[in-house]
Amino acid sequence: MATVVLLAATGLGLGALYFLVAAGLSLIFGLMDVLNFAHGALLSIGAYATWWAASGHLPGAGSGGAGFVLAVCFGTAVGTLAAVVLELALIRPLYGRPREQVLATVGVGLAVPALLSAIWGPDARPFPGPAALSGTFGLLGARIPVNRLVLLGAAAVVLLALRLFLGRTRHGLVVRAGVEDRAMVTALGIDVRRAFTLVFAIGGAAAALGGALGGLYYGSVDPGQGTSLLIFAFVVVVMGGMGSVAGAALAAVGVGLVQQFANYYTTSGLGDLAVVVLLAALLLLRPRGITGRLA
Amino acid sequence: GCSKAGTAGSPSSGGGDAKSGAAAVDVGLVYSRSGPLAAYGKQYIDGFHAGLDYATHGTGKAGGHEIRVTEQDDAGDPAKAVAAAKTLIGKGTKIIAGTTDSGVALQLAPLAAQNHVLYIAGPAATDALTGLNAYTFRSGRQSYQDILTAGSLLGGTGGKKVVVLTQNSAFGQANVAAVKEVLGSGQGATVDSVLAPPSAGDLTPFAQQVKSKKPDLVFVAWAGASAPALWTALDQQGVVTSTKVVTGLAGIASYPLFGAAGSKVSFLAHYFPGAGNNPVEKAMLDGIAKAGGTPDLFSPDGFTAAQMIVHAVEAGGATDPAAMAKALEGWSFQGPKGDEQVRAADHALLQPMFTATLTGTGAAAEPQLVSRLPKEAVNPPMKQMAG
Amino acid sequence: MTPAATPATTPAASTRKAAASPEADADAPPWRRLGRWWPALVLVALVTAPFSSLSLPGLLDGPIGSAGSLQLLALCLVFGALATGYDLLLGHTGLLSFGHALYFAAGSYSTELIAAEAGLPFWPSAVLGVLCGVALAWALGSVALRVSGIAFSMVTLAFAQAGSILVERDPGGVTGGEEGRAVPADKLPASLAGIDHTANLYWIALAYLVLTLAVVRWAVRSPTGRVWEGIRDNETRVEVLGLRPYGFKLVAFVVAGALAAVGGVVHLLLTGGATPQTTTSDFTLSLLVMVVLGGSGSRWGPLLGGVLYTWADHRLGDLAGSDAVSGLPSVLRVPLSQPLFLLGTLFVVTVVALPGGLTRLGRRPRVRA
Amino acid sequence: MAPPVLRLRGVGWSVGGATIVDEVSFDVREGEFLAFIGPNGAGKTSLFNLISGLVPATRGSIALDGADITAEPVPARARRGLGRTFQTSSLWPQVTVAGHVRLAAQAAAGGSYRIWRRAADFREQVADVLERTGLAHRAHARAAELSHGEKRKLELAVLLVGEPRLMLLDEPMAGVSAEEVPALTALIGSLHRDEGRTVLMVEHHMDVLLGLADRLAVMHHGTLLALDTPQAVTADPVVQEAYLGEAL
Amino acid sequence: MSGEPLLAVRDLAVVIGGRHILHGVDLDVAPSGVTALLGRNGAGKTTTVRAVLGLVPRTGSVRLAGEETVRLPTHLLVRRGIGYAPEDRGVFAGLTVAENLRLAERPGAGEPAYDLVHELFPELKARARQPAGTLSGGQQQMVAIGRTLLNGNRLIIADEPTKGLAPRVVTEVARVLERAARAVPVLLVEQNLALVRRLAGHCAVLADGRTVHRGPAADLLADPDATRRLLGVGRRTAVTEEHPMAPPGPDPSSAAQAGKAGA
Ligand SMILES: Nc1ncnc2c1ncn2[C@@H]1O[C@H](COP(=O)(O)OP(=O)(O)OP(=O)(O)O)[C@@H](O)[C@H]1O
Ligand SMILES: Nc1ncnc2c1ncn2[C@@H]1O[C@H](COP(=O)(O)OP(=O)(O)OP(=O)(O)O)[C@@H](O)[C@H]1O
Ligand SMILES: [Mg+2]
Ligand SMILES: [Mg+2]
């Protein structure tokens, strides 16, 4: 029983992490049709910026309490900035050429981890976090790490914020229309570029937040962390139905749980295999993902 | 001008460039200057230069031959390593050393045999390199030596229950196999294993699984970036407090990654600065420090490689790799870790190993030597030399 | 209304002649026509390269005919060919597969396995290995092609990922996990083992390239090739003509997979082993990079991209470690010492600055004229 | 008596709760020219989609030459000699005009997976069709570069070269310049009259239809409101009210 | 033409992918009423309109109410009060009808006139939640026209708005445009000459990317010789024998560009 509880709780935590990573990806993919391979890089930038701030380089920031919150905010801000720069410098000049946009992000995805590893070394760095979050709490006999709760909370907040953004503002609409026919959107008198940049920035912010909290989750940061999370984020995005944020949340939880249970109960830890098989099966049965939104 | 296909640029054999019988010897170093193992590559190369300086007494010459070192980056990619090695061999290099990555080393070794050049593998720990062929040697330790050291920490493993916690990869499986062989059939312990997928994000359940097996000794063999998550999980689930946990001590950068668990774990160590405590080690530490480097886990691997090359040239001559190999077989010497020997039968490098504890946390974490195991205590099983 | 006895001709057709007519070629100056033979000249140059002792400092480490240079050139040719084959899917049929690495790896792993474990001689093993690759492409392709668009990409990614995980897990010790498998020295034909025979390997790589170019060119100009083009642009429209896209896509998939499997065997010969790096989606991604670098959908683009990428991948390491870089101030030196950083940046610059890839470079001025 | 070329019985299509096509039944004789009119959204294009198989009928049956094709996929129906054009041009943007026609000609000649064969040339056929549709001067332009009217003609050319026995034309005249309407009308008329093809056509240009159609079908809210000679249909006050309105 | 033109296009040239599509188009849109832009398929009507809006790279001069706009990005130009119904309708297939209309709203430019749009096209109200991609051709056309009427625009540009509409709806649209044109000038690209005759005050005829005729629409359409020569309609027999449009007509307005012709 305790094992099942532990697996379920940590599976949810893992799902929350996947969702945090996938949310921005899903947003950008769903609205802009850009499968952003640089998402992992943005994640890593967020993680390193948070780590840098939390290990005492930023005045006021630190590894505990308000200092840590400040560090996370700083990391998110840096990641957002990076996303904006990325959009302005690479995505914008390539509007209307979706394949090239994707490829440009592939290039960034290669270059950024290499740069990080050139500056801070290829090794993992311990990630300072508040002591309050490093303990465990008991639940039905299982000892569950506290930071999983933080992840779950953050995931819920991000989900809510993205839904509000999409539901209450015109930007989502503008970007979706812009992907279909940019010229026509401008011909309606709308500055579609601003909306694109904004969406990219929000996606980047979500990625960076995911990176910062991922550091907490793993207890360390390393240059390849973002990229290795990316593949599961893809799985989640696609399973969730091509850019449906709610679908991504659902898929993230599913993937987290399946992976955790399969890892534990199959003899050789076939969790990730189970996940990709699940993805393939789902796509073959329902090519549009769980929520069935347009591919 | 034209030449025979594929031979352009190779030195004409028996050529006249052997001035006064003391032609330079080319040594090619293929190692990771970039890529995931770049940090290890740096340790290796720093150690190598210090070792070369030490073994040639600062002259850069062995047996009158100048040692000319060419460095090539393999970026952890076997294809690049093979291309680099072919370039070197094509240019007439007779001695190749290096590589941190076991996969790369295993591809270079056959190449060395095919082309009759001496190959001295770097920190690659795979046992498969031992006894692979007549031209292949190693300058680092192999997994068996790690495991024998771990066994020594248990103080007699007979009848005890050992659980190996590792990743489900070739590296992990090799460790399990080695533990079964050394501690299981060799010393009568019951060996069980918990294999986590290498890419698993959350290791808490595996920590839980280990705990539920109630072992006397947990041997953790872990590679890669998820180490901090593992140690956090082991600490949180109370594994490190309820049983004896042993693992290998990696480089300086990894000390803080053990977090709170660090002080509760017993370490076996291939090497850490200060562990050797002998004049050769001192020479190595000084040499590296003088060149602006930092001595670390794999410094001795580079240092020893240089020692072996210098000996091979001095005793085996500058031109014939087979003679060089002969000269190395059975050679005993004083290395930075202590008394070392190249086992004649399978080219295993017999060497002392260490056990240690970690004191302090974060940046202040530092290993303390517990014991020094002489090379005889950690003799890897003998292998039949292939081909 | 006029009686419709004569076919109704719109007036424009007869009077207005299109400005850009392709017949313009016919009265091109002689050097233009000679220019059409350049591939043959290049081929001759490539065939004779192993006899050359010309040095290209900076480009190659040592003379062209030296073992190291030939090895690098051969790798370049293999990847040029591989990218060309991959473009059959990407550029000609519009299928974005993230799993092409799988068939390449299948070719090299199964050849190695058959040779080492079943004890067959190398060449029969190679044939069987390629057949394994083809069978795998057939099996997985026929499943993955049931969906299209991004779903297809993701299913291929899933398959490739599963393959990669399996190889890493080393089931039953057959794949060697992350250490890969080296070809036992005695399994290689004597004419291919050892550094002195690098030229033979090089010629094999060249033959593979020629084979790939021929197959791709043939296929693209075949009736099937036309259908691929249609499928790439609008699949439904092809159906309305009475053609079932599925079969045509599967043919493209299997042909590309077969070419990749052959490439895997050549790569196995060149590097002396099968390595798990070739199973990863990163590997497919690098193929994608090569294709785009050179120009997707063009005849020589993927080849050019593959050659350049591979060359850069191998030589940038030297640049990164060169004295010229180590003398730089740290702001420049630190990033420049990372080959992957250079490669990624180079790639981004190409994508942004050279839409349509490198092969578009030559075509640009003509458009402006 | 020979079975009708096309027979629909109680054909219907519903999507998302709405019934778009409802209980449509009619027969088309060999060599007949049947025109469809009806308000926008009446279901004319949807009916064509059902016949050509782009959407599956949810009710009823469709038979071609007496064979039930209700469940057949699109390519199979096309191979039986059923061809169509699209109201919203649906072409291959990167393929040249000649390439379009060539591919269509090849498809009509029977598809093959052989990749080692040079594509057989259909040069004369292609040139002929381009000439007939007035596209010869644009033969090497890619579809993406065509003007709207040119695209309409290319749609027609792709259909013509396949020489299907049963042609479904969805508003072939929409956007064709006034100057060229008579020529195209003559072309379509000759297909029917001289080559004996069976043609179903949707068109809002009444003057075009009146010269061509043997029978006129009126669709309204997914149902077949009337099916009769053009004179009878246009005289129907309901049709005038619902569809024609006052003349301009 | 009465008064200053609202839109004055001079010497408009467009080159796409190395192909000269427009060689010098001159066009005035009268400050009131409908101005028709005519010409056969491929003459360059759509390209002219897109160039005016800045949707294709162009050179020349485009003045809106006296202000030069060639250097203005499209969205800013449009915000000066232009409604555009493109030839391919430009509906966003993945968005619902309501969303399509919502996109045309211009924040800060007054209340959107949904009443007007829904009164004209009740279909659009009923189908508000349907994805526009599944609308029938005619219904999509309604969305496109509806979007131009939503804002109080100063100029409406409609590219073949009646294409694909049922005759009854064509009449209705004609009425809409007529009504709209009383308040807002309309630039109308149209093949339906009956409609042009009914609506247009002025017209311009393009051929091969050049203006070949400008003048009152009624005059042109009343002159069978001119309609045959410029538009190719009239006596059928003449059309096939002699190309009606080459060489460029002796229209005075095109004389200025004569030197620049040719690629
Ligand atoms: N997938 C769908 N979901 C919902 N409604 C649909 C769908 N497809 C078509 N419709 C509706 O079905 C009706 C019939 O459409 P259809 O295209 O057949 O009309 P049509 O008679 O061809 O009209 P037009 O003359 O304007 O082209 C329209 O009201 C359209 O909105
Ligand atoms: N993107 C493009 N690239 C190349 N040529 C183009 C492009 N767009 C249009 N053209 C060409 O420019 C010419 C004018 O096109 P345009 O669409 O303006 O004609 P139009 O007068 O609107 O014709 P229609 O009545 O058929 O709509 C045509 O010959 C067309 O093929
Ligand atoms: Mg229709
Ligand atoms: Mg037009």
Side-chain angles (χ1 to χ4, degrees), chain B residues 1-10 33-35 38 71-91 101-111 113-117 124 126 128 132-133 168-174 195 197-199 223 386-387, chain C residues 48 50-55 61-72 74-75 165 168-170 173 175-186 188 193-203 267 270-273 275-278 313-314 317-318 320-321 337-341:
Chain B
C2 285
S3 53
K4 190 171 158 285
T7 58
S10 29
R33 185 164 50 216
S34 64
E71 295 174 15
Q72 295 267 9
D73 184 13
D74 67 16
D77 176 1
K80 281 196 193 110
V82 168
K86 285 196 178 174
T87 304
L88 291 167
I89 299 171
K91 286 181 174 172
D101 186 294
S102 292
V104 176
L106 285 173
Q107 309 254 321
L108 283 188
L111 199 63
Q114 281 169 21
N115 296 296
H116 310 290
V117 298
T126 176
L132 194 58
N133 61 52
N168 195 356
S169 61
F171 160 79
Q173 283 158 0
L195 294 171
S199 57
Chain C
T48 51
F51 298 104
S52 163
S53 55
L54 190 71
S55 276
D61 188 6
I64 295 177
S66 67
S69 301
L70 284 180
Q71 171 81 10
L72 177 54
L75 281 174
I165 292 169
E168 287 265 338
R169 290 299 155 77
D170 195 12
T175 65
E178 69 270 24
E179 287 166 8
R181 293 184 65 101
V183 189
D186 55 324
L188 281 181
I195 204 88
D196 299 339
H197 295 120
T198 310
N200 293 346
L201 294 178
Y202 168 85
W203 280 318
H267 192 256
L270 272 176
T271 57
T275 56
Q277 275 94 335
T278 58
D313 190 28
H314 279 81
D318 285 358
S337 62
Q338 287 286 332
L340 262 187
F341 176 79

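Given the structure is predicted, the values throughout are model-derived calculations rather than measurements.
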Name the region of [X], side chain, backbone, both or neither, that has any atom closer than 4.5 Å to a heavy atom of chain C.
{"X": "B:Ala83", "answer": "both"}
{"X": "B:Ala75", "answer": "neither"}
{"X": "B:Gln173", "answer": "side chain"}
{"X": "B:Leu106", "answer": "both"}

Contact winner vs chain B - C:Thr271, C:Ile165, C:Asn200, C:Leu75, heavy-atom pairs under 4.5 Å
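Top option by heavy-atom pairs under 4.5 Å: C:Thr271.
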
Expected output: side-chain C:Gln277 to main-chain B:Gly76 donor-acceptor under 3.5 Å
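Here the side-chain-to-backbone pair exists.
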
Donor-acceptor under 3.5 Å (B:Gln107 side chain, C:Arg181 main chain):
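Yes, B:Gln107 side chain to C:Arg181 backbone: donor-acceptor pair under 3.5 Å.
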
Quick one: salt bridge (Lys or Arg N to Asp or Glu O under 4.0 Å) partners of C:Asp313, sequence neighbours excluded?
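Expected list: B:Lys80.
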
Please name the pair of heavy atoms, one in B:Pro110 and one in C:Val183, separated by the smallest distance, quoted to 0.1 Å.
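Closest approach of B:Pro110 to C:Val183, heavy atoms only: CB-O, 4.4 Å.
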
Looking at C:Leu270 and B:Val82, what are the two nearest heavy atoms and their distance?
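That would be O-CG1, 3.8 Å.
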
Identify which part of [X] has an atom lying under 4.5 Å from any heavy atom of chain B, answering side chain, backbone, both or neither.
{"X": "C:Leu72", "result": "neither"}
{"X": "C:Gln71", "result": "side chain"}
{"X": "C:His267", "result": "side chain"}

B:Ala109: what forms a side-chain contact (heavy atoms from CB on, under 4.5 Å) with it, not counting sequence neighbours?
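Partners of B:Ala109 by the side-chain contact (heavy atoms from CB on, under 4.5 Å) criterion, ordered by chain and then number, come out as B:Tyr119, B:Leu129, B:Leu132, B:Asn133, B:Thr136.
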
Straight-line distance of B:Asn115 CG to C:Thr198 OG1, nearest 0.5 Å:
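Answer rounded to 0.5 Å: 7.5 Å.
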
So do the side chains of B:Lys86 and C:Leu201 get within less than 4.5 Å of each other, counting heavy atoms only?
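Side-chain contact under 4.5 Å: yes.
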
Top contributor to chain C interface from B:Leu88, B:Val104, B:Leu111, B:Thr126 [non-hydrogen pairs under 4.5 Å]:
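Ranked by contacts with chain C, first place is B:Thr126.
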
